[in-house]
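Quick notes on the structure that follows.
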Amino acid sequence: MIRQIIKATFAAEGIKADSALLKLYIKNMVCIRCKMVLKDELVKLGLNHSLVELGEAEVTENITREQRDFLKTALLKSGLELMDDKKSVLIQKIKNTIIELVHCSEEPLVVNLSDYLSEKLHYNYTYLANLFSEVQGTTIEKFFIAHKIERVKELLVYNELNLTEIAYLMHYSSVAHLSNQFKKVTGLTPSHFKQLKNKRRSMLDDL
């Protein structure tokens with residue numbers, strides 16, 4: 001029904017399609033729910049898609065400027081942002097690539113980050129690093145470490161792996177290396193963090 005209304009509106013106003021836009025880039029996509037939101041909005045607009053991943057979608061047909069505006073408004077309601085600026089798109093690609101590498105991979109992170117980003121994004125790493133620092137006010141390395149620590153926190157809370165196994169999975173040279181970096185970022189040792197989480201959980205269970 002929504003699709004028919006939109007198409008009728010476009011026809012009545014004599015709107016013509018812009019040149020085909022096969023790639024759409026979306027900011028703040030971090031989970032499966034975000035993918036579902038994007039897919040739903042594309043369906044509502046009658047836009048067929050061949051791919052929906054974190055941060056981007058591939059549309060298989062022409063998209064009008066008005067459809068793009070409808071999509072942009074709809075996504076904003078869910079905290080997502082359709083991007084146009086090329087630099088912003090590239091920054092988001094860097095973030096999404098790191099997030100997928102850290103949070104979605106089941107394999108140990110046996111990879112050089114600079115080589116990995118250059119290969120995935122087809123840009124010289126020095127350019128990527130300078131652009132990221134200029135726009136974000138922090139380095140790619142610090143962003144990467146912050147997400148590694150968040151992943152370590154998750155693994156500690158899950159309580160399925162010991163610290164040695166977590167260090168291996170997250171590609172730390174040793175447990176001491178992991179612990180030092182964890183404390184530098186959080187102010188706590190991994191063991192202290194885990195104790196606090198377990199204590200908080202016990203207090204909630206007693207309510």
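Index from 1, following the sequence.
Other residues, nucleotides and ligands contribute over 12 non-hydrogen atoms within 6.0 Å of the NZ atom of Lys153. For Gln136, the CD atom sits in a packed shell: over 12 heavy atoms of surrounding residues, nucleotides or ligands are nearer than 6.0 Å.
For the pair Glu41 and Ala74, the tightest heavy-atom approach, listed with the atom from each and the gap, is OE1-CB, 3.3 Å. Closest approach of His49 to Val52, counting heavy atoms only: CD2-CG2, 3.5 Å. The two residues Leu188 and Phe182 have their closest heavy-atom pair at O-CD2, 3.1 Å. For Thr189 against Lys183, the heavy-atom pair with the smallest separation is CG2-CD, 4.1 Å. Closest heavy-atom contact between Ala57 and Leu38: CB-CD2, 3.7 Å. Leu163 and Leu178 get closest at one heavy-atom pair: CD1-CD2, 4.2 Å.
Here the side chains of Asn159 and Lys194 are in contact, with some heavy-atom distance below 4.5 Å. Between Leu80 and Cys34, some side-chain heavy-atom pair lies under the 4.5 Å cut-off. For the pair Leu169 and Glu165, the minimum side-chain heavy-atom distance is 4.5 Å or more. Contact of the Leu113 side chain with the Leu101 side chain is registered, since non-hydrogen atoms from C-beta on lie closer than 4.5 Å. Considering only heavy atoms from C-beta on, Leu54 comes within 4.5 Å of Lys35 through its side chain. The shortest distance between side-chain heavy atoms of Ile91 and Lys27 does not fall below 4.5 Å. With contacts defined as side-chain heavy-atom distances shorter than 4.5 Å, the pair Leu90/Phe132 does not qualify. Side-chain contact between His147 and Lys95: absent, with no pair of heavy atoms (C-beta onward) separated by less than 4.5 Å.
Hydrophobic clustering places Leu196 together with Ile149 (ILVMFWY residues linked when any side-chain heavy atoms are closer than 4.5 Å, directly or through intermediates). Taking hydrophobic clusters as Ile, Leu, Val, Met, Phe, Trp and Tyr residues chained together by side-chain heavy-atom distances below 4.5 Å, Tyr125 shares a cluster with Val135. In this structure, Ile32 is not a member of the same hydrophobic cluster as Val102, with clusters built from ILVMFWY side-chain heavy atoms closer than 4.5 Å. Residues Leu161 and Val157 are members of one and the same hydrophobic cluster, defined by side-chain heavy-atom contacts under 4.5 angstrom among Ile, Leu, Val, Met, Phe, Trp and Tyr.
Looking only at distances, a side-chain donor or acceptor of Thr60 sits under 3.5 Å from a matching main-chain atom of Asn48.
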Trace of the side chain to side chain donor-acceptor pair (under 3.5 Å) decision for Gln92 with Tyr25: CA-CA 8 Å; Gln92 195 60 39; Tyr25 297 100; over 6 Å; no
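Tyr172 carries Lys148 over the face of its six-membered ring, with the cationic atom under 6.0 Å from the centre and within 45° of the normal.
Ring pair Tyr127/Tyr123 is parallel by interplanar angle, where below 30° counts as parallel and above 60° as perpendicular.
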